[in-house]
Amino acid sequence: MDFKLSKEQLMIQSSAREFAEKYLEPVVDLIERENRIPEDIISRLAEYDFFALPYEEKYGGAGAGYDGYVLVLEQLSKVCKPVCSLISVNTLGLGAITKFGTEAQKQKYLVPCCKGEWLASFAFTEPGTGSDPKQITTTAVKKGDYFILNGTKRFISNASYKGPMVVFARDAESGKPTGFIVDKFCEGYSVSEPWDKIGLHGQILLDVYLKDVQVPAENLLGEMGHGYPILQYGIGFGKIGMSASALGGLGSALEESLKYARNKMHRDGVIAKFPTIQVKLADLAISLEAARWLTYRLGCMANDIQDQAEFIKTAALTKTFVTEAAWQASRLAVDVHGSYGLMADYKVSKSYRDAITGPIVEGVTDMQKMIIAGILLHD
Ligand SMILES: Cc1cc2nc3c(=O)[nH]c(=O)nc-3n(C[C@H](O)[C@H](O)[C@H](O)COP(=O)(O)OP(=O)(O)OC[C@H]3O[C@@H](n4cnc5c(N)ncnc54)[C@H](O)[C@@H]3O)c2cc1C
């Protein structure tokens with residue numbers, strides 16, 4: 001057991017910190033205000049290999065593993081969580097393709113996505129459900145060398161960027177969910193206006209309409225009727241990113257609270273002297289420490305998955321703990337700041353609105369607990 005970061009891991013961490021300070025800090029307000037991530041940020045992320053971190057070099061990857069990946073997202077997210085979502089959703093889609101795709105699919109999709117020329121998406125949610133695969137209504141019908149897909153996918157991230165979208169549809173043959181890789185912006189693919197959401201401005205959420213979309217048979221992901229394992233396992237890779245970016249939010253909540261508590265004067269001293277403030281700072285530090293080691297462990301586990309169920313369970317419990325802790329931490333940080341914490345000028349108010357999304361996205365907390373209990377009881 002070794003709780004120290006290696007020399008390489010420290011280098012990755014510091015290059016992400018440098019990136020966040022140099023390139024993200026100056027555009028955070030613009031991203032928030034205009035609800036868009038500037039193009040040059042995407043190309044700089046690619047220059048730093050941040051889309052390529054966990055993948056093998058033969059697919060254009062940086063070979064930094066998921067341990068390197070969590071270290072990077074943690075640092076980026078301390079400054080700008082929506083930028084992490086670009087990377088995390090890309091990894092969610094690519095995680096499924098890496099694990100279930102054919103060699104040809106990996107070559108075709110991983111290489112440009114690692115370069116940031118394309119960004120992957122993962123489309124499960126529909127207007128009727130985001131939690132229950134039995135309720136998905138998008139259909140896939142085999143016709144010659146193609147599958148014809150019809151349906152609507154809701155709240156889809158990265159849908160406005162070119163690249164592969166892992167889509168779950170009920171295929172006519174098995175009657176069960178099946179995974180497909182759809183090339184975004186192919187014929188029959190269209191999108192809605194962006195949803196106007198509470199936080200994570202810059203991360204654009206769209207509904208995706210699939211109208212008689214022809215998916216070549218070679219774009220079937222895994223086997224017919226095997227969408228559920230792809231969903232459960234693939235989304236495990238998304239939860240690594242969700243946890244790492246929530247962890248960054250937690251770190252920022254503690255840093256901002258410490259800064260404010262050391263500077264805000266009350267009578268003859270700073271508010272840091274009050275036990276009520278100290279208890280909050282201690283609670284933030286306790287959450288951060290626990291969340292950090294859970295997330296780092298999940299990253300290390302994802303590098304070499306020995307037991308699929310163990311990975312799915314660990315991803316679910318890590319995502320649950322860390323996103324809930326980050327959400328509570330964002331509230332504590334606002335409390336430390338008093339009314340100033342509610343003002344747009346203060347970083348903690350934006351973090352509060354961003355953090356609320358964590359326990360809901362990629363499976364609500366209750367569903368994560370159902371997954372964990374299901375695996376525990378199956379043993
Ligand atoms: C910022 C953001 C990004 C997103 N990105 C994507 C994306 O890229 N791809 C994608 O597919 N989706 C995406 N989503 C959608 C998101 O993952 C879903 O909205 C989420 O999983 C919850 O689904 P739902 O909203 O349909 O809730 P529902 O499934 O309708 O659940 C509503 C409530 O009912 C409870 N519930 C539902 N079923 C059960 C059950 N069987 N037992 C007990 N309780 C139950 C849930 O716990 C929840 O509290 C995104 C959402 C947001 C906000």
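Just so you know, ligand 1 is whichever comes first in the structure, and atom 1 is the first atom listed for that ligand.
Considering backbone and side-chain N/O atoms, E362 comes within less than 3.5 Å of an N/O atom of ligand 1. Of the N or O atoms in F124, one or more lie within a sub-3.5 Å distance of an N or O in ligand 1. Taking any N or O of G130, backbone or side chain, at least one lies under 3.5 Å from an N or O belonging to ligand 1. Checked by distance only, ligand 1 and S131 come closer than 3.5 Å through their nitrogen or oxygen atoms. Any N or O atom pair closer than 3.5 Å counts here, and V364 shares no such pair with ligand 1.
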- Message: As a quick check of understanding, evaluate ring pair (Phe, Tyr, Trp, His ring centres under 6.0 Å) for Y66 and F237, giving each step before the final call.
- Response: CA-CA 9 Å; Y66 283 96; F237 292 94; 5.4 Å; yes
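Under the 4.0 angstrom criterion, atom 13 (C) of ligand 1 counts as having a protein heavy-atom contact. The presence of a protein heavy atom under 4.0 Å from atom 32 (C) of ligand 1 is ruled out. Shown here, atom 25 (O) of ligand 1 is out of close reach of the protein: none of its heavy atoms lies under 4.0 Å off.
Nearest-heavy-atom check against atom 44 (N) of ligand 1 across M367, R154, Q203 picks out M367. By heavy-atom distance, the residue among V361, D366, V167 lying nearest atom 52 (C) of ligand 1 is V361.
Ligand 1 is never approached by T357 to a heavy-atom distance shorter than 4.0 Å. Ligand 1 lies less than 4.0 angstrom from a heavy atom belonging to G363.
Using a 4.5 Å heavy-atom cutoff, the side chains of Y296 and R292 are in contact. Within the 4.5 Å cutoff, the side chain of L205 has heavy atoms near those of the S157 side chain.
Of all protein heavy atoms, the one closest to atom 10 (C) of ligand 1 is T125 OG1, 3.3 Å. The nearest heavy-atom contact from the protein to atom 7 (C) of ligand 1 is F155 O, 3.4 Å. Atom 3 (C) of ligand 1 has its closest protein heavy atom at L205 CD2, 3.4 Å. Among all non-hydrogen protein atoms, the one lying nearest atom 9 (N) of ligand 1 is F122 O, 2.7 Å.
No side-chain donor-acceptor contact under 3.5 Å links R17 to the backbone of Q75.
Those atoms of ligand 1 that come under 4.0 Å of a heavy atom in I360, given as number and element, are 20 (C), 21 (O). Atoms of ligand 1 found under 4.0 Å from any heavy atom of T129 (numbered from 1 in listed order, with element): 26 (O), 29 (O). Atoms of ligand 1 found under 4.0 Å from any heavy atom of S157, numbered from 1 in the order shown, are 3 (C), 4 (C), 5 (N), 6 (C), 7 (C), 8 (O).
Within a 6.0 Å sphere centred on CD of E25, other residues, nucleotides and ligands contribute more than 12 heavy atoms.
For the residue pair N219/Q105, the side-chain donor-acceptor check at 3.5 Å is not satisfied.
Residue D132 does not touch ligand 1, judged by heavy-atom distances below 4.0 Å.
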